[in-house]
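Let me begin by presenting the structure, written as structure tokens, before commenting on it.
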Amino acid sequence: MRKLALFICCSIFLFNCEEVVEIEVPTGTPKLVIEALFEVYFDEIPVTTEAIVKLRLSAGYFDEELPVVTNAIVTLKNLSTNTFISFEDGDLDGNYIPTSAFTPEDDVVYELSVTYNNEIYKGKTIKAKTPLFINVEQGTKTLFSGNETEVIVEFSDNEFEDNFYLFDFSNNLYLSIEDRFFNGSDYNFSFFYQEEEVEIPSEVLIKMAGVSQDYYTYFRVLTSQSGQSGGGPFQTTPSSLLGNIINTSNANHYPLGYFNISETATYTLSLTE
């Protein structure tokens with residue numbers, strides 16, 4: 001009986017000492033996030049370009065989505081001809097698309113301009129070249145669990161330059177590689193889908209894009225910070241990772257994000273059991 005009374009007293013004491021602690025997460029002034037990743041599907045007839053400029057504002061650490069920006073002015077300038085292409089956000093979803101169709105030219109510098117809150121943000125880039133796929137096929141190998149699905153990719157690398165590639169295997173699955181160890185060679189590698197990442201049977205669209213060394217480095221840092229879950233590496237902004245876009249009006253209000261134009265080769269693969 002004395003032991004029971006002692007236990008009850010201790011329980012009451014511990015319960016009364018509980019205290020809710022609120023942790024304040026520091027937040028700063030929201031920054032403009034500019035995701036301008038243009039894909040030129042050069043292996044299609046006719047050649048088409050997917051050009052979307054996504055504008056968001058950085059948010060708090062626990063926010064799952066970034067607020068959209070719908071009141072900006074977006075243009076693209078060809079610095080060789082000094083001609084402009086306007087972009088508009090007709091759906092008011094923060095995604096700006098060109099008002100007329102265009103295909104980025106080879107060896108031409110393009111300048112992206114975004115005007116927001118009376119400040120001008122600019123970034124420059126040149127289209128990165130990409131080889132065609134030699135072959136894409138489903139393999140039979142697995143990894144640790146034995147339930148993975150192998151995809152074998154083969155392409156030919158250009159020997160006259162250093163090349164960097166970004167692969168999109170659908171379902172927010174990306175892989176970035178450089179040609180340091182296979183420069184100028186036909187190269188093949190295996191990519192493995194985990195059981196929960198893809199349904200079998202199904203079709204997946206695989207993309208290969210050539211990128212600059214700077215964008216390759218930017219992407220690797222971005223994915224290491226954000227991972228590849230929860231909507232992909234561009235879904236949230238985990239830290240102030242600077243890209244190739246600057247604020248020409250106020251350097252202290254620097255933006256986040258990147259401007260990139262890539263030739264993109266595509267391959268639709270049917271996965272079977």
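Quick note: numbers below take in every heavy atom, side chains included, and nothing from hydrogens, waters or symmetry partners.
Between Phe102 and Phe87, the ring planes lie perpendicular to each other; the angle is over 60°, past the 30° to 60° tilted range.
Remark: the backbone N or O of Ala128 is not paired with any side-chain donor or acceptor of Ser262 at under 3.5 angstrom. Judged by distance alone, with hydrogens and angles left aside, the side-chain atoms of Thr83 form no donor-acceptor pair with the main-chain N or O of Asn78 at under 3.5 Å. Side-chain atoms of Ser86 never come within 3.5 Å of backbone atoms of Thr99 as a donor-acceptor pair (strictly under, hydrogens ignored). Without hydrogens or angle criteria, Thr142 side chain to Glu148 main chain gives no donor-acceptor distance under 3.5 Å. No side-chain donor-acceptor contact under 3.5 Å links Asn158 to the backbone of Pro131. Put simply, the side chain of Thr130 never gets that close to the backbone of Ala265: no donor and acceptor are under 3.5 Å apart. Distance alone, capped at 3.5 Å, places no donor-acceptor pair between the Asn135 side chain and the Glu154 backbone.
Between atom CG of residue Leu32 and atom CG of residue Leu55 there is a gap of 5.5 Å, rounded to the nearest 0.5 Å. From Asn163, atom CG reaches atom CG of Asp179 across 4.5 Å, with rounding to the nearest 0.5 Å. Interatomic distance, CG of Leu66 versus CG of Leu256, reported as 9.5 Å (0.5 Å rounding). Rounded to the nearest 0.5 angstrom, Phe169 CZ and Leu269 CG are separated by 10.0 Å. Going from atom CG of Leu241 over to atom OH of Tyr258 covers 10.0 Å, rounded to the nearest 0.5 Å. Rounding to the nearest 0.5 Å gives a distance of 8.0 Å between CG of Asp168 and CG of Leu173.
Contact check for Tyr215 versus Asn244: no side-chain heavy atoms found under the 4.5 Å cut-off. Considering only heavy atoms from C-beta on, Tyr193 comes within 4.5 Å of Val204 through its side chain. Side-chain contact between Tyr41 and Thr266: present, with at least one pair of heavy atoms (C-beta onward) separated by less than 4.5 Å. Considering only heavy atoms from C-beta on, Leu166 comes within 4.5 Å of Phe219 through its side chain. Counting heavy atoms from C-beta on, the side chains of Ile152 and Ser190 come closer than 4.5 Å.
Contact record, Ala51 with Pro98: O-CD, 3.1 Å, taken as the closest heavy-atom pair. The minimum heavy-atom distance between Ser58 and Val33, with the atom names listed, is N-CG2, 3.8 Å. Closest heavy-atom contact between Ser176 and Arg220: OG-CG, 3.3 Å. Of all non-hydrogen atoms in Thr70 and Gly94, the two that sit nearest each other are CG2-N, 3.9 Å. The minimum heavy-atom distance between Pro255 and Ile34, with the atom names listed, is CB-CD1, 4.3 Å. The heavy-atom pair separating Glu161 from Asn183 by the smallest distance is O-OD1, 3.3 Å.
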task: For the pair Tyr121 and Tyr254, evaluate ring pair (Phe, Tyr, Trp, His ring centres under 6.0 Å) and give the outcome as yes or no after the intermediate values.
output: CA-CA 8 Å; Tyr121 303 82; Tyr254 56 87; over 10 Å; no
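In the hydrophobic clustering of this structure, Ile126 does not group with Ile85; members are Ile, Leu, Val, Met, Phe, Trp, Tyr whose side-chain heavy atoms approach within less than 4.5 Å, directly or through other members. Both Met208 and Leu271 sit in one connected hydrophobic cluster of ILVMFWY residues. Membership requires side-chain heavy atoms under 4.5 Å apart, directly or through other members. Leu205 is not connected to Val153 by any chain of hydrophobic side-chain contacts under 4.5 Å among Ile, Leu, Val, Met, Phe, Trp and Tyr, and they are in different clusters. In terms of hydrophobic clustering, with Ile, Leu, Val, Met, Phe, Trp and Tyr side chains grouped at heavy-atom distances under 4.5 Å, Tyr187 and Phe191 are assigned to a common cluster.
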Identify all side-chain donor-acceptor contacts of residues 245-252 below 3.5 Å with residues at least two apart in sequence or on another chain.
from: Asn247; atom 1: OD1; to: Ser249; atom 2: N; distance (Å): 2.8
from: Asn247; atom 1: OD1; to: Asn250; atom 2: N; distance (Å): 2.9
from: Asn247; atom 1: ND2; to: Glu119; atom 2: OE1; distance (Å): 2.9
from: Asn247; atom 1: ND2; to: Asn250; atom 2: O; distance (Å): 3.2
from: Asn247; atom 1: ND2; to: His253; atom 2: O; distance (Å): 2.9
from: Thr248; atom 1: OG1; to: Ile120; atom 2: O; distance (Å): 3.0
from: Ser249; atom 1: OG; to: Ile120; atom 2: N; distance (Å): 3.0
from: Asn250; atom 1: OD1; to: Asn252; atom 2: N; distance (Å): 3.0

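The salt bridge (charged side-chain N to carboxylate O under 4.0 Å, His left out) contacts involving residues 184-212 comprise Glu39-Lys207, where partners must be two or more places apart or lie in separate chains. Screening residues 123-143 for salt bridge (charged side-chain N to carboxylate O under 4.0 Å, His left out), with sequence neighbours left out, gives Asp106-Lys127, Asp106-Lys129, Lys127-Glu263, Lys129-Glu263. Residue pairs meeting the salt bridge (charged side-chain N to carboxylate O under 4.0 Å, His left out) criterion with at least one member in residues 83-99, sequence neighbours excluded, do not occur.
Asp157 and Tyr165 share a side-chain donor-acceptor pair at under 3.5 Å.
Residues satisfying the side-chain hydrogen bond (donor to acceptor under 3.5 Å, both in side chains) test with Tyr96, not counting sequence neighbours, are none. Annotation: side-chain contact (heavy atoms from CB on, under 4.5 Å) contacts of Asn82 (sequence neighbours excluded): Lys77. For Glu178, the salt bridge (charged side-chain N to carboxylate O under 4.0 Å, His left out) criterion is met by Arg180, not counting sequence neighbours. With sequence neighbours excluded, the residues forming a ring pair (Phe, Tyr, Trp, His ring centres under 6.0 Å) with Tyr216 are Phe164, listed by chain and number.
Taking Ile, Leu, Val, Met, Phe, Trp and Tyr as hydrophobic and joining them when side-chain heavy atoms fall under 4.5 Å apart, one finds Ile97 in a cluster with Ile52. Counting side-chain heavy-atom gaps under 4.5 Å among Ile, Leu, Val, Met, Phe, Trp and Tyr, the cluster of Phe192 also holds Leu143, Phe144. Taking a 4.5 Å side-chain heavy-atom cut-off between Ile, Leu, Val, Met, Phe, Trp and Tyr, the cluster of Val109 extends to Leu79. Leu132 belongs to a hydrophobic cluster whose other members, connected by ILVMFWY side-chain contacts under 4.5 Å either directly or through intermediates, are Phe42.
A distance of 6.0 Å or more separates the ring centres of Phe182 and Phe189. No close placement of the Tyr110 and Phe38 rings is indicated, their centers lying 6.0 Å or farther apart.
Within a 6.0 Å radius of CD1 in Ile45, other residues, nucleotides and ligands contribute 12 heavy atoms or fewer.
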